[in-house]
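These notes are about the structure you will find just below.
So that the names make sense, note that chain A is the first sequence line, chain B the second, and so on, each numbered from 1.
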Protein chains: 2
Amino acid sequence: MIRLGICGYGNLGRGVELAVRQNPDFQLVAVFTRRNPENVKILTEGAVVLPISDIQSYTDKIDVLILCGGSATDLPVQGPEYAKYFNIVDSFDTHAHIPEHFRDVNEAALASGHTAVISAGWDPGMFSLNRVYADSILPDGKAYTFWGKGVSQGHSDAIRRIPGVKDARQYTVPIDAALEAVRSGKDPELTTREKHTRECFVVAEEGADLEAIRQAIVTMPNYFDEYDTTVNFITEEELKRDHSGLPHGGSVIRTGKTGEGLAHRHVIEYKLTLDSNPEFTSSVLVCCARAVYKMAQEGMRGCKTVLDIPPAYFSAKSPEELRKTML
Amino acid sequence: MIRLGICGYGNLGRGVELAVRQNPDFQLVAVFTRRNPENVKILTEGAVVLPISDIQSYTDKIDVLILCGGSATDLPVQGPEYAKYFNIVDSFDTHAHIPEHFRDVNEAALASGHTAVISAGWDPGMFSLNRVYADSILPDGKAYTFWGKGVSQGHSDAIRRIPGVKDARQYTVPIDAALEAVRSGKDPELTTREKHTRECFVVAEEGADLEAIRQAIVTMPNYFDEYDTTVNFITEEELKRDHSGLPHGGSVIRTGKTGEGLAHRHVIEYKLTLDSNPEFTSSVLVCCARAVYKMAQEGMRGCKTVLDIPPAYFSAKSPEELRKTML
């Protein structure tokens with residue numbers, strides 16, 4: 001049994017707890033929270049909820065700690081800090097800052113003799129794996145990543161910060177014509193606008209200037225200005241009824257050529273269609289916790305990413321069984 | 001530079017030679033053949049063609065030897081034999097016999113201190129990887145593998161052995177309705193007949209009994225009797241003009257559920273569309289040769305499969321570059 005700790009009990013932490021139920025080689029030992037533990041109800045009998053300040057008293061009771069905080073402010077601090085005491089897994093997803101987060105966690109883990117996996121999930125994570133495999137197999141090629149249709153939490157949050165907005169949900173939508181052009185092997189050059197559209201569902205405060213909100217959204221730099229964005233104003237009830245889920249997904253596609261005169265064309269596509277973004281991410285985190293446990297047992301120390309993990313380490317099955325049944 | 005040897009110069013061996021041109025970290029040193037070397041023309045200046053009996057004189061001149069023979073009779077002998085002298089990669093694809101081939105190669109490689117990767121390619125190979133990842137992430141789920149549309153060499157050969165048949169080409173074709181039912185998350189139970197059809201293009205000898213040939217094909221045990229099979233008689237010219245390529249591909253799909261009451265559904269699909277089956281397989285073999293080279297340098301000995309290889313080892317790029325650009 002792999003004894004697991006969860007640090008942070010939002011959508012992701014709860015997703016990890018649910019995933020543990022589907023993986024009988026894990027035992028959830030403790031959930032650590034910044035909230036008052038008395039107000040945090042978990043689903044797992046026998047597991048305890050503790051204030052995050054108690055975490056160091058669990059160093060000998062937990063094999064792997066999964067950090068379920070956010071990438072903006074939680075993980076850059078928690079990763080290096082808790083790698084001093086635990087083998088850890090996180091889902092750090094700010095792509096541009098991965099090298100420095102890796103460095104910080106690696107230093108802490110090497111110094112303390114622990115094993116860490118950062119940036120696990122689906123992007124970064126499973127999408128990254130597929131980018132590396134496909135790029136390696138087809139060096140003369142082009143790579144594309146499409147996201148959606150799915151809810152972008154970051155974009156939804158950005159809309160919520162606009163004056164007059166009560167609540168909002170933003171969907172990233174891949175453009176079918178672009179996807180089809182890529183899949184057909186046309187190797188198109190696609191602008192940001194040609195790859196995705198953005199659909200917004202907004203609940204406005206009473207009396208708010210809807211046109212001003214719409215303008216504030218579609219012209220917002222980085223978030224919306226480079227996209228064709230549609231804004232729909234709906235009621236709070238409609239938002240709750242029709243947009244309470246967190247679906248997501250997307251495709252990593254590589255097209256490449258081989259052979260004499262590069263005459264032969266190949267298309268590799270990895271596609272995810274997810275009802276629940278946090279639950280799927282959590283399921284990947286649990287697999288990475290299993291891998292961390294195995295790597296730690298083998299004496300592999302320091303920070304790793306999914307790119308460093310032998311695929312068999314994701315699995316609860318033995319190498320013999322995998323060769324016999326899955327190869 | 002990784003110094004490479006190729007053993008066997010058919011479609012696969014030639015594919016490896018072509019793939020080496022696209023991977024500047026490799027140098028092709030020698031091609032070993034059972035044919036008279038004078039009759040084997042290769043494309044690579046500076047590389048030599050030698051009789052397979054000379055192979056042991058190259059133990060110090062080659063870092064990795066890629067075995068490009070067949071799974072029926074070549075690889076079960078060559079794998080254990082050449083793992084005594086070289087780090088090797090093969091594409092052994094008789095799924096049922098992988099455990100014993102693994103055992104034989106592993107014993108030889110461990111005894112001699114070499115590193116081997118067996119069963120590389122796309123199935124077994126990239127499809128296996130994706131089965132393991134998806135099975136691990138979504139333990140409560142169903143797995144499907146569809147092949148094609150593509151040429152099955154084994155089925156084409158089986159038709160050619162029928163009296164009165166001069167030449168033949170067989171396509172394995174996935175049934176769209178089955179694929180769509182799986183992708184939509186309906187978790188269908190599919191019989192062999194419901195997943196694929198088989199299309200045969202046959203050139204008959206002059207005066208042959210076409211109906212007898214048709215009957216011999218569609219009733220052939222294991223190969224055709226469990227499928228809906230169509231047989232088209234065409235001329236030799238038509239076969240050459242329309243069916244000289246070796247396209248293939250397929251999809252590995254896993255559908256699974258997560259969350260409270262397993263209410264959330266997810267679909268993972270890995271899809272290949274290949275103009276040239278042997279060239280794509282060869283491209284995977286070259287990546288595995290790179291991985292074998294790295295594993296050997298790190299002191300990892302014995303037999304491995306793609307399930308044991310950290311994904312970053314497929315790549316010519318450094319771990320730092322991969323983290324910065326691909327994660």
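- A:H266 has its side chain within reach of B:S276: a pair of non-hydrogen atoms, C-beta onward, lies under 4.5 Å apart.
- Here the side chains of B:S128 and A:M326 are not in contact, with every heavy-atom distance at 4.5 Å or above.
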Using the side-chain contact (heavy atoms from CB on, under 4.5 Å) rule, take B:R323 and A:T305 through it: C-alpha gap first, then chi angles, then the decisive distance, then the call.
-> CA-CA 8 Å; B:R323 283 195 293 273; A:T305 74; 3.9 Å; yes
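- Looking at B:R183, there are no atoms closer than 4.5 Å to chain A (heavy atoms on both sides), in backbone or side chain.
- If you measure heavy-atom distances from B:F102 to chain A, the contacts under 4.5 Å come from the side chain alone.
- Only the side chain of B:L18 comes within contact range of chain A, with heavy atoms under 4.5 Å apart.
- Residue B:A143: no heavy atom, backbone or side chain, is found under 4.5 Å from chain A.
- The most heavy-atom pairs under 4.5 Å with chain A, out of B:I268, B:L307, B:I309, come from B:L307.
- Only the side chain of B:I98 comes within contact range of chain A, with heavy atoms under 4.5 Å apart.
- With a 4.5 angstrom heavy-atom cutoff, B:L262 touches chain A only via side-chain atoms.
- Residues B:L272 and A:V267 form no side-chain contact, since every pair of their non-hydrogen atoms from C-beta on lies 4.5 Å or further apart.
- In this structure, chain A has a heavy atom under 4.5 Å from the side chain of B:N130, while its backbone stays farther away.
- With salt bridges taken as basic N to acidic carboxylate O contacts below 4.0 Å, one links B:K317 and A:D135.
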